[in-house]
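Have a look at the structure below, then the notes.
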Amino acid sequence: QLQVAESGGGLVQSGGSLRLSCAASGDTLDYYAIAWFRQVPGKEREGFSCISAIEGRPFYITSVKGRFTISRDNAKNTVYLQMNNLKPEDTAIYHCAAARFCSNDSGRMKSWGQGTQVTVSS
């Protein structure tokens, strides 16, 4: 079973950028879709981006479209999330998750990382 682990979170000012990585192990990344979720304490986990297996087709929700870019490097078994023009409302714990197909339904994910904190100051 594929296992994933996030890295790259931190503190950044509004308008700044961060790049998160989701490193996979235990299986070949090629056949898995990787989704990004984020969660603020007291709120539901929100799926906001996903990249499909094989084709590498990206998906975004409206609030991050044009600011975030998801990509994958199967040779490195890693998925990246480039986040530009960050806003205070992007502050959350960010998780990557693996599934056979893209979905923003957390119940469809097969494997989760431990999360990385992203804090955007105003």
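Just so you know, these numbers use all the heavy atoms, side chains as well, and skip hydrogens, waters and symmetry mates.
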**OP:** With rounding to the nearest 0.5 Å, note down the distance linking CG in D30 to CG in N77.
**Re:** 7.0 Å
Subject >> Quiz item: cation-pi between R72 and Y80, 6.0 Å / 45° >> reply: no
Subject >> For the student: nearest non-hydrogen atoms of L2 and A98, plus distance >> reply: CD2-CB, 3.7 Å
Original post:
Yes or no on side-chain contact (heavy atoms from CB on, under 4.5 Å) for E6 and Q114, after CA distance, side-chain angles and deciding distance?
Top reply: CA-CA 7 Å; E6 311 89 345; Q114 78 288 351; 3.2 Å; yes
Subject >> Minimum-distance pair of heavy atoms, taken over all atoms of Y60 and V64 >> reply: CB-CG2, 4.0 Å
**OP:** Kindly compute the distance separating NZ (K110) from CZ (R100), expressed to the nearest 0.5 Å.
**Re:** 9.0 Å
Original post:
What about Y94 and I61, same hydrophobic cluster or not, with Ile/Leu/Val/Met/Phe/Trp/Tyr joined at side-chain heavy-atom distances under 4.5 Å?
Top reply: yes
**OP:** Measure the shortest side-chain to side-chain distance between M83 and V12 over non-hydrogen atoms and say whether it is less than 4.5 angstrom.
**Re:** no
Original post:
Only one of F37, F68, W36 clears ring pair (Phe, Tyr, Trp, His ring centres under 6.0 Å) with F48; which?
Top reply: F68
**OP:** With rounding to the nearest 0.5 Å, note down the distance linking CD1 in I54 to OH in Y31.
**Re:** 5.5 Å
Subject >> Spacing of OG1 belonging to T116 relative to CG belonging to L81, to within rounding of 0.5 Å >> reply: 11.0 Å
**OP:** Please confirm whether the backbone N or O of R38 pairs with a side-chain atom of E46, one donor and one acceptor, at under 3.5 Å?
**Re:** no
**OP:** Could you pull out the closest heavy-atom pair between S122 and P88, with the gap in Å?
**Re:** CB-CG, 3.9 Å
Original post:
Is it true that atom CZ of R108 has more than 12 heavy atoms of other residues, nucleotides or ligands lying nearer than 6.0 Å?
Top reply: no
Original post:
Hey, what do you get for CZ (R19) to OG (S71), rounding to the nearest 0.5 Å?
Top reply: 7.5 Å
**OP:** Give a yes or no on whether M109 and L20 share a hydrophobic cluster (residues Ile, Leu, Val, Met, Phe, Trp, Tyr; joining criterion: side-chain heavy atoms under 4.5 Å apart).
**Re:** no
Subject >> For the student: nearest non-hydrogen atoms of C22 and I34, plus distance >> reply: SG-CG2, 4.1 Å
**OP:** Without swapping roles, check the side chain of T119 against the backbone of T91 for a donor-acceptor pair under 3.5 Å.
**Re:** no
Subject >> N/O donor-acceptor pair under 3.5 Å between S103 side chain and D105 backbone >> reply: yes
**OP:** Applying side-chain contact (heavy atoms from CB on, under 4.5 Å), run through I70 and V79 and close with a yes or a no.
**Re:** CA-CA 7 Å; I70 191 170; V79 168; 3.9 Å; yes
Original post:
Can you name the nearest heavy-atom pair linking R67 to L86, along with the distance?
Top reply: NH1-CA, 3.9 Å
Original post:
Roughly how far, to the nearest 0.5 Å, is the OG atom of S52 from the CZ atom of F59?
Top reply: 6.0 Å
Original post:
Considering all heavy atoms of both residues, which atom of S21 and which atom of T78 are nearest to each other, and what is their separation?
Top reply: CB-CG2, 4.2 Å
